[in-house]
Amino acid sequence: MSETEMSHSFDVDLFVIGGGSGGVRAARIAAGHGAKVMLAEEYRVGGTCVIRGCVPKKLMVYASRFTDEFEDAAGFGWHLETPRFDWAVLKRSRDAEVARLEAIYGRNLAGAGVEVVADRAVIEDPHTVRLVKADRTVRARFILIATGATPVREPLIPGADLAIDSNGVFELERQPERILVVGGGYIAVEFAGVFAGLGSKTTLLHRGKSLLRGFDPEIADALGEAYAKRMDLRLERTVERLERDGSAIRATLNGGESLTVDCVLVATGRRPNVAGLGLERVGIALDARGAIPVEADSRTKVPSIYAVGDVNGRAALTPVAIREGHAFADTVFGRKPWCVDHRLIATAVFSTPEIGVIGHNEDVARRCYDAIDVYKASFRPMKATLSGRDERVIMKVLVDRASDRVVGVHVMGPDAGEIIQAVGIAVTMGATKADFDRTIAVHPTLGEELVTMRTPFVVKHPVGVG
């Protein structure tokens, strides 16, 4: 189709539904390739990550860790007055930073020539969206769905409306003295660590036997042990109902026990944000997880409609959404087709202690390869020798014995996220254990352990298991 035919047939080349990380990247890159782009966002530009996710949460994580820093300082000769935390100051500073970043997103979109409309967009047909507040339709050559995910509060229990979800954390005007966090995934784990670090009496309750399902069991168990020292950790427990108890909330647990707290945070997961998008009008059915099925290039069953980020259910991580949005724009508008490789994704959990991971966990690796070698290190970090803090660093490197390729790296300890970002480059490039071994260590650091482990950990397994 020529440019003249395109302009006569459509109002825009690309209509993006959702102003989060994936949608913004796709819009900017597509505009850079010469496309006429319109983006609709009904809340705030920046999406979950910038507005009520990764960024404000990480700022709260930083705040929560000063408790440990103040305590550790004494071992290094510092004498401090008793520190006092002010929730209002943190909230004000955090919200100001979020607003600053939101403004930058807006300026970058405007600078790229993207038209941003503050409205809800609903799909009418394969090439038409309706702006609800404006009550007008826009014809687009391509439609990109980038609406992300939304928190869920499941299972539904009596009194569930008394709880908040992860979005509600950023709206709290006062720090709860007592908080119950329900869930065992990374959101629950991170916020439990935040509130405990800030001084709230924190209970983390999870129905499973261990935290962080899908992570390496050894790492997950180690985090559970660390958290049990920092807060009231209750595994294999559920909440049966919530009731108002004066100004507090009484949570009744399975078995009849009750807890009285000031706030209940339900962080039991997120699901793709697809309600009311109009997918049924174009014949797009959701998969079993409630996500929009897509091909490798993020295209749905409707050739003109694509979906990137959390809404397609492939990997609910901001950098993945950004990469998918970039790949879409390059492929469709830049004549540079490429797809995101979802096989190796480095990720971090900003718990305290922190976790960084890339590749398989040990259980999965043993199923995927005939034999693996497991290298492990567990040690007290140097800082703890003077601070006296009771903490351990754990590192695991998993190696496919046949090829010597590193197929998994797991780190729990200070700056694990920073470590795994650097290690992720090597693992993504296909580094072998020999490559790790010939890398000269940076001493003294935590990360040097990854290149100095020489002897595989020996464990007895049934015959035929690596």
Side-chain angles (χ1 to χ4, degrees), residues 12 14-31 37-61 63 88 90-123 129-136 138 143-153 164-173 187 190-191 194 265 267 270-277 307-312 316-322 324-326:
V12 296
L14 173 63
F15 193 102
V16 181
I17 305 176
S21 299
V24 167
R25 175 59 63 90
R28 290 179 59 197
I29 299 300
V37 182
M38 181 180 288
L39 181 149
E41 171 55 57
E42 62 179 322
Y43 180 53
R44 296 173 67 180
V45 174
T48 295
C49 181
V50 172
I51 304 302
R52 48 194 183 190
C54 320
V55 171
K57 174 204 67 185
K58 186 69 179 294
L59 294 174
M60 295 180 74
V61 169
L90 172 62
K91 184 178 189 304
R92 185 165 58 248
S93 300
R94 182 200 67 204
D95 293 351
E97 175 61 10
V98 168
R100 185 186 74 86
L101 293 174
E102 181 186 9
I104 291 173
Y105 268 62
R107 289 197 297 270
N108 287 344
L109 285 167
V114 177
E115 181 182 356
V116 179
V117 291
D119 207 334
R120 177 174 179 77
V122 178
I123 297 172
V129 297
R130 178 170 58 88
L131 295 171
V132 176
K133 285 193 300 184
D135 192 24
R136 70 182 178 102
V138 178
I143 297 171
L144 177 67
I145 301 170
T147 49
T150 188
V152 297
R153 304 187 199 184
I164 63 171
D165 57 27
S166 56
N167 291 344
V169 170
F170 305 109
E171 299 171 4
L172 289 173
E173 295 295 333
I187 296 175
E190 289 175 340
F191 278 121
V194 164
L265 166 59
R270 296 171 63 86
R271 70 159 56 98
N273 184 22
V274 296
L277 273 179
V308 299
D310 294 8
V311 76
N312 67 33
L317 295 166
T318 295
V320 174
I322 291 171
E324 289 179 352
H326 199 137

Legend entry - Approximate separation, where rounding is to 0.5 Å, of Glu171 CD and Asp165 CG: 8.0 Å

Inset, instruction - Drop me the distance from Leu14's CG to Leu144's CG, to the nearest 0.5 angstrom. - result: 6.0 Å

Inset, instruction - Report the distance from atom CZ of Arg120 to atom CG of Leu277, rounding to the nearest 0.5 Å. - result: 6.0 Å

Inset, instruction - Calculate, to the nearest 0.5 Å, the distance between atoms OG1 and CG belonging to Thr150 and Asp310 respectively. - result: 10.5 Å

Legend entry - Verdict with reasoning, Ser166 to Lys57, per side chain to side chain contact (heavy atoms under 4.5 Å, CB included): CA-CA 10 Å; Ser166 56; Lys57 174 204 67 185; over 6 Å; no

Legend entry - Closest approach of Asn273 to Val311 (non-hydrogen atoms, all atoms of both residues): O-CG2, 4.1 Å

Inset, instruction - Keeping the roles fixed (side chain from Lys133, backbone from Ala118), state whether a donor-acceptor pair exists under 3.5 Å. - result: yes

Inset, instruction - Identify the heavy atoms of Thr48 and Ala149 that sit nearest to each other, and give their distance. - result: OG1-O, 4.1 Å

Inset, instruction - Could you walk me through whether Val169 and Val194 pass the side chain to side chain contact (heavy atoms under 4.5 Å, CB included) test, one step at a time? - result: CA-CA 11 Å; Val169 170; Val194 164; over 6 Å; no

Legend entry - Heavy-atom check, side chain of Leu172 versus side chain of Ile164, under 4.5 Å: yes

Inset, instruction - State which residues pass side chain to side chain contact (heavy atoms under 4.5 Å, CB included) with Asp95; sequence neighbours excluded, sorted by chain then number. - result: Lys91

Legend entry - Gap between atom CG of Asn312 and atom OG1 of Thr147 - 0.5 Å precision: 10.0 Å

Inset, instruction - Quick one: pull up CG in Leu109 and CZ in Arg25 and give me the separation to the nearest 0.5 Å. - result: 11.0 Å

Legend entry - Qualifying salt bridge (Lys or Arg N to Asp or Glu O under 4.0 Å) pairs with a residue from residues 101-119, counting only residues at least two apart or across chains: Arg44-Glu102

Inset, instruction - Over all heavy atoms of both residues, which pair between Ala31 and Val37 is shortest? Give the atoms and the distance, please. - result: N-CG2, 3.9 Å

Legend entry - Residue pair Ser21 / Ile322: nearest heavy atoms and the distance that separates them: CB-CG1, 3.7 Å

Inset, instruction - Applying side chain to side chain contact (heavy atoms under 4.5 Å, CB included), name anything that partners Glu41, two or more places apart in sequence or on another chain. - result: Leu39, Tyr43, Val45

Inset, instruction - Show the numbers, then the answer: is there a side chain to side chain contact (heavy atoms under 4.5 Å, CB included) between Phe15 and Ile123? - result: CA-CA 10 Å; Phe15 193 102; Ile123 297 172; over 6 Å; no

Legend entry - Shortest non-hydrogen separation from Thr318 to Cys49 and the atoms involved: OG1-CB, 3.3 Å

Inset, instruction - Decide if atom CZ of Arg94 counts as having more than 12 heavy atoms of other residues, nucleotides or ligands within a radius under 6.0 Å. - result: yes

Legend entry - Heavy-atom pair of closest approach, residues Ala27 and Val16: CB-CG2, 4.2 Å

Legend entry - Sub-4.5 Å side-chain heavy-atom contact between Glu42 and Val132: no

